[in-house]
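See structure below.
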Amino acid sequence: ENIAGCFVKDQLTVQFVLASPDSLMPCKMSIPLLCSETLKGDSADKAPVGAGMYRFVSKADGVITLERYGEYYNAERKPRIQTVKIREFESEYKKYGSDFDFAIFYGSRHASYIFDESTKVIDYTGKTYNYVVINCNATYTIEQKDERDNKTVIYTDIPNALTNKNVRKALNLMVDRTVLCNAAAAGSGIVSLLPAYNGTAYRSAVQDTYEYDIEAAYKLLTDEGYRRNEEDGYWYYYDGTALIIDAIVPASSFELCTVMRNVKSAMEKLGITVELQELTDEDFAVKYQKKQYMIMPMQVELGSWIDLEKIFETGGELNCSFYSNASVDSYFKQIKSLGASDVIAAGYGEIEKILLDENPIIGLYINNDSIVVRDSVKGIARGTVYAWNPLANFYKWGITEENT
């Protein structure tokens with residue numbers, strides 16, 4: 001769906017034009033492109049769209065069969081494995097209990113289902129970043145039904161404590177990401193604050209995490225006029241207003257619900273009430289679009305250097321925090337016009353400093369994905385797979401002689 005155009009450049013070159021940047025495109029091109037008609041039916045592909053290392057043979061009974069393409073142009077990269085079958089499973093239970101030679105598990109907690117004497121699990125850094133986004137708007141609007149006459153009442157100018165960056169920092173310090181990572185991802189994640197990988201230009205300037213520090217969090221709240229009531233243990237503003245956080249989450253996502261339930265539990269243990277609503281996708285979308293929340297969870301797939309722009313650039317594709325900073329926008333604009341890597345790295349370093357100070361998100365973790373293979377598959381081991389392309393060297397894989 002993301003391919004906007006395709007053009008023949010010469011006898012051996014085809015140019016794809018994407019509707020939006022996608023650093024995973026090379027990975028997606030590692031196997032044959034299958035047209036939608038092929039995937040829907042059981043008949044042979046009547047309109048083939050290329051072969052590559054493998055060509056499409058058939059689809060029947062939920063199994064897509066590919067075979068090694070004898071006329072592949074690069075003889076050195078012709079795969080050793082003759083036939084590849086991609087199987088669809090009707091349930092997670094059947095998938096985890098199935099007999100397979102190779103599988104990619106998004107979230108290593110799933111790998112626990114398939115540990116046995118004939119499989120080995122090779123972890124690699126995943127692409128999904130889980131974080132809690134904060135609505136930085138000064139006020140937001142809530143629509144509710146008046147139970148007396150069933151009319152819609154619109155409440156405006158609702159106080160939002162999270163407009164204060166010190167309150168945002170306090171919440172960051174109250175969330176132990178390591179504990180949450182263990183709870184929500186069975187420990188299969190890398191604790192993080194900003195959505196970026198280690199070793200990238202994003203991470204070149206300053207540290208990327210806030211330490212779990214309750215005393216520092218309490219001091220920030222106290223400095224901003226909040227007091228913790230000794231009787232009930234909850235925090236109140238000096239005028240008696242309770243510190244309550246409105247949170248929403250799509251009920252369809254088990255992982256995001258787990259994240260938010262743990263965030264709620266962590267904050268309420270420290271005296272901050274979190275009103276968490278688990279909503280249908282439709283209701284969640286409405287509240288998000290109308291900015292009717294204070295915090296909510298999000299997942300982004302990490303690709304190239306577009307991720308921070310999507311989230312933090314004014315008018316960005318996501319920009320879920322309704323966050324705007326002229327300096328950040330200025331740096332993004334300059335980076336787009338420059339090509340020197342050291343200048344780009346310095347620019348992202350300055351952006352990172354601003355974002356960590358403003359802190360409009362509660363960074364949580366990046367999932368660790370797993371590759372799971374049978375011992376009969378040779379040529380795949382730790383260090384031979386890559387985060388952006390787990391199939392980068394699969395042409396080198398082979399089957400042991402006794403399993404040929």
Side-chain angles (χ1 to χ4, degrees), residues 89 91-93 95-97 103-115 121 123-135 162 168 171-195 208-212 214 217 244-285 287-288 292-302 307 311 318 320-321 360-370 372:
F89 296 100
S91 69
E92 296 290 287
Y93 176 80
K95 179 172 70 175
Y96 298 138
I104 300 175
F105 287 84
Y106 297 97
S108 300
R109 56 187 167 152
H110 301 311
S112 61
Y113 288 92
I114 45 79
F115 281 142
V121 179
D123 293 334
Y124 73 106
T125 302
K127 298 172 288 295
T128 303
Y129 179 79
N130 293 276
Y131 67 100
V132 176
V133 67
I134 294 176
N135 179 353
L162 299 183
R168 298 198 293 269
L171 296 190
N172 264 291
L173 296 170
M174 288 178 171
V175 177
D176 189 333
R177 291 169 187 76
T178 302
V179 172
L180 189 140
C181 188
N182 289 336
S188 62
I190 301 171
V191 175
S192 182
L193 178 61
L194 294 178
D208 62 291
T209 59
Y210 275 80
E211 297 296 329
Y212 178 62
I214 300 303
I244 299 176
I245 305 298
D246 295 324
I248 60 174
V249 63
S252 60
S253 172
F254 174 79
E255 185 169 9
L256 290 184
C257 284
T258 303
V259 167
M260 290 306 295
R261 290 168 189 168
N262 280 274
V263 169
K264 171 183 171 71
S265 175
M267 291 186 179
E268 292 196 332
K269 286 180 180 177
L270 299 174
I272 295 178
T273 299
V274 178
E275 298 288 351
L276 177 60
Q277 298 181 68
E278 298 183 8
L279 306 168
T280 64
D281 289 349
E282 293 77 11
D283 289 342
F284 180 84
K287 283 190 174 290
Y288 161 60
Q292 296 176 356
Y293 69 92
M294 293 173 72
I295 63 174
M296 73 173 188
M298 284 289 288
Q299 289 181 329
V300 293
E301 284 196 358
L302 300 183
D307 300 303
I311 300 170
L318 297 177
C320 316
S321 299
I361 64 173
I362 300 175
L364 297 176
Y365 61 90
I366 299 171
N367 272 356
N368 275 344
D369 297 347
S370 296
V372 182

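All values below come from the heavy atoms of this structure, side chains included, with hydrogens, waters and symmetry mates left out. For reference, positions follow the sequence shown, starting with 1.
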Pair Ile362-Arg177, side-chain contact (heavy atoms from CB on, under 4.5 Å): steps then yes or no: CA-CA 9 Å; Ile362 300 175; Arg177 291 169 187 76; 4.1 Å; yes
Check against side-chain contact (heavy atoms from CB on, under 4.5 Å), Val132 and Leu171: CA-CA 11 Å; Val132 176; Leu171 296 190; over 6 Å; no
Test side-chain contact (heavy atoms from CB on, under 4.5 Å) applied to Leu364 and Val259, step by step: CA-CA 9 Å; Leu364 297 176; Val259 167; 3.3 Å; yes
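Heavy-atom minimum distance, Ile295 versus Met260: CD1-CE, 3.9 Å. When all heavy atoms are compared, the tightest approach of Ala217 to Met174 is CB-CG, 3.8 Å. Across Ile248 and Pro297, no two heavy atoms sit closer than the pair O-CD, 3.0 Å. Scanning all heavy atoms of the two residues, the minimum distance from Gln299 to Asn130 falls at NE2-OD1, 2.8 Å.
In terms of the side chain to side chain contact (heavy atoms under 4.5 Å, CB included) criterion, residue partners of Ile214 (sequence neighbours excluded) are, by chain and number, Tyr212, Tyr218, Leu270. Glu278 pairs by the side chain to side chain contact (heavy atoms under 4.5 Å, CB included) definition with Val249, Ala251, Cys257, Arg261, Leu276, not counting sequence neighbours. Applying the side chain to side chain donor-acceptor pair (under 3.5 Å) test to Thr178 and every residue at least two apart in sequence or in another chain returns nothing. Partners of Glu268 by salt bridge (charged side-chain N to carboxylate O under 4.0 Å, His left out), not counting sequence neighbours, listed by chain and number: Lys264.
Atom CG of Asp246 and atom CG of Asn135 lie 10.0 Å apart (nearest 0.5 Å). Annotation: the span from Leu279 atom CG to Tyr293 atom OH amounts to 13.0 Å, rounded to 0.5 Å. In this structure, OH in Tyr131 is found 7.0 Å from CE in Met296, a value given to the nearest 0.5 Å. In this structure, CZ in Arg168 is found 11.0 Å from CD1 in Ile361, a value given to the nearest 0.5 Å. Note that the CG atom of Asn172 and the CD1 atom of Ile134 stand 6.5 Å from one another [nearest 0.5 Å]. Atom CD of Glu282 is separated from atom OG of Ser252 by 9.0 Å, given to the nearest 0.5 angstrom.
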